[in-house]
Amino acid sequence: MASIELQQIAHQYPSTSGEMPSYALNPLQQCWQDGGAYALLGPSGCGKTTLLNIISGLLQPSEGRVLFDNTNVTALGPEQRNIAQVFQFPVVYDTLSVADNLAFPLRNRGLGKAEIAARVKTVLDMLGLSARANVKARNLNADDKQKISLGRGLVRTDVNAILFDEPLTVIDPHLKWQLRTELKKIHQQFGHTMIYVTHDQTEALTFADKVIVMLAGSIVQIGTPQELFEHPAHTFVGRFIGSPGMNILPCEVQGTQILVGGSPVATTALTCAGLPGLELGVRPEFVTFSETGGVAATVTGIEDTGRHRIVRALVNDTKICGILREGESLPAAPRVLLDPARIKLYQHSHLLAGQVP
Ligand code: ADP
Ligand code: MG
């Protein structure tokens with residue numbers, strides 16, 4: 001187990017076209033605690049794999065240093081850093097049995113027979129593979145092969161960290177939920193530092209204590225799932241987290257009054273009157289519909305999720321979502337009301353300072 005420090009890390013892949021290469025990862029400075037469960041969350045191409053491979057040692061950063069427990073490991077590979085990594089697609093030895101695939105990393109490290117047998121059994125049970133322990137890996141389906149890959153990542157107890165790069169992508173949805181729960185349990189039981197890469201907010205929010213949200217090669221926010229939901233530091237985080245995501249509406253502030261399309265919607269204690277590029281963020285859970293007050297809206301669709309209905313509407317030309325709970329109905333000419341206590345103000349996509357979570 002180790003704390004992981006990234007000092008002024010940045011990465012540019014070599015350019016193939018002769019142009020100046022752009023940064024896949026912009027300069028960043030981070031320290032992650034020993035034993036934490038972290039998720040790297042962001043859309044495809046935002047630099048998650050690049051960052052993970054720099055941490056594991058598969059990739060040398062073009063700038064900066066990586067420290068494990070204050071020791072510089074920048075020049076070391078994954079083996080020397082003592083990192084286990086699980087990839088998106090199965091990495092298994094087809095000709096070995098399931099149990100031998102799991103025993104392999106342990107034999108490599110010279111563990112005793114009894115200890116290997118015990119560890120392998122634990123992992124086989126954990127992943128529901130015990131009945132097929134002696135089957136050759138090539139006879140397994142893709143889901144089960146990926147389980148072996150996960151098992152190979154989890155079988156060693158002496159690792160500094162276990163890194164997962166979208167490990168459940170190829171797995172059936174039901175099994176996904178089960179394995180995610182299992183991983184969470186393993187983290188609680190063994191307390192390994194775990195870093196889990198995903199583009200799926202549900203995976204990130206259910207697995208991690210701390211979620212690192214990335215966009216275009218930069219970290220835009222690090223927080224607990226609750227912090228990301230209640231206090232997005234960037235409009236991207238607001239939109240990306242939640243289902244549906246946060247509503248973001250252009251607004252202006254006159255004195256203390258927040259106006260959307262000229263209609264007053266709330267007041268603010270921030271001194272931001274007249275600032276350009278202001279936007280207001282409010283989650284659909286805090287948008288209600290009324291005959292009076294608020295701002296006029298044109299309803300464009302209603303979606304029944306079973307638990308509640310999601311109302312989609314346009315305010316001026318901006319899309320907005322609200323929630324209709326059991327027993328609530330939509331007025332004939334609805335206006336949207338925004339809960340003033342739940343409104344966040346952003347300028348050029350960044351949360352204005354001085355707003356309490
Ligand atoms: P993610 O894992 O979030 O999808 P990546 O870290 O794989 O993102 O990629 C970040 C950026 O770096 C992307 O623009 C991608 O095209 C580029 N990239 C990734 N790997 C390479 C590579 N080996 N050579 C050149 N560019 C790369
Ligand atoms: Mg990736």
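Every number for a ligand or one of its atoms is a count from 1 in the order of the listing. Predicted model only: the values in this text are computed from it and were never measured.
Here the heavy atom of the protein found nearest to atom 25 (C) of ligand 1 is Tyr13 CB, 3.3 Å. Nearest to atom 4 (O) of ligand 1 among the protein's heavy atoms is Gly45 N, 2.6 Å.
Taking the six-membered ring for Trp and thresholds of 30 and 60 degrees, Phe236 and His234 have ring planes more than 60 degrees apart, a perpendicular arrangement. The aromatic rings of Phe164 and Phe207 sit perpendicular to each other, their planes meeting at more than 60°, with 30° as the lower class boundary.
A salt bridge links Arg132 with Asp144: the distance from a Lys NZ or Arg NE/NH1/NH2 to an Asp or Glu carboxylate oxygen falls below 4.0 Å. A salt bridge does not link Lys176 to Asp200: none of the charged side-chain nitrogens sits closer than 4.0 Å to a carboxylate oxygen. A salt bridge is absent between Glu303 and Arg309; no separation between the charged side-chain nitrogens and carboxylate oxygens falls under 4.0 Å. Ion pairing between a basic and an acidic side chain is recognised when a charged N comes within 4.0 Å of a carboxylate O; Asp165 and Lys48 show no such pairing. Of the charged side-chain nitrogens involved, at least one lies within less than 4.0 Å of a carboxylate oxygen, so that Asp125 and Lys121 count as a salt-bridged pair.
Here the protein contributes Thr49 OG1 as N, O or S atoms under 2.8 Å from the Mg ion (ligand 2).
Each of the atoms 11 (C), 12 (O) of ligand 1 lies under 4.0 Å from some heavy atom of Ala24.
Taking a distance limit of 4.0 Å, we find that atom 7 (O) of ligand 1 is approached by some protein heavy atom. Not a single protein heavy atom sits closer than 4.0 Å to atom 15 (C) of ligand 1.
Taking only non-hydrogen atoms, the option from Thr50, Leu59, Val197 nearest to atom 5 (P) of ligand 1 is Thr50.
When all heavy atoms of Ile9 and Leu25 are compared, the pair lying nearest together is CG2-CD2, 4.1 Å.
Within the structure, the closest approach of Gly42 to ligand 1 does not fall below 4.0 Å when heavy atoms are considered.
For ligand 1, the polar-atom distance check finds no N/O of Pro14 at less than 3.5 Å from any of the ligand's N/O atoms.
Atoms CD and SG, from Gln254 and Cys272 in turn, are 11.5 Å apart once rounded to the nearest 0.5 Å.
Relative to the ring axis of Phe190, Arg119 places its NZ or CZ within 45° and under 6.0 Å from the centre.
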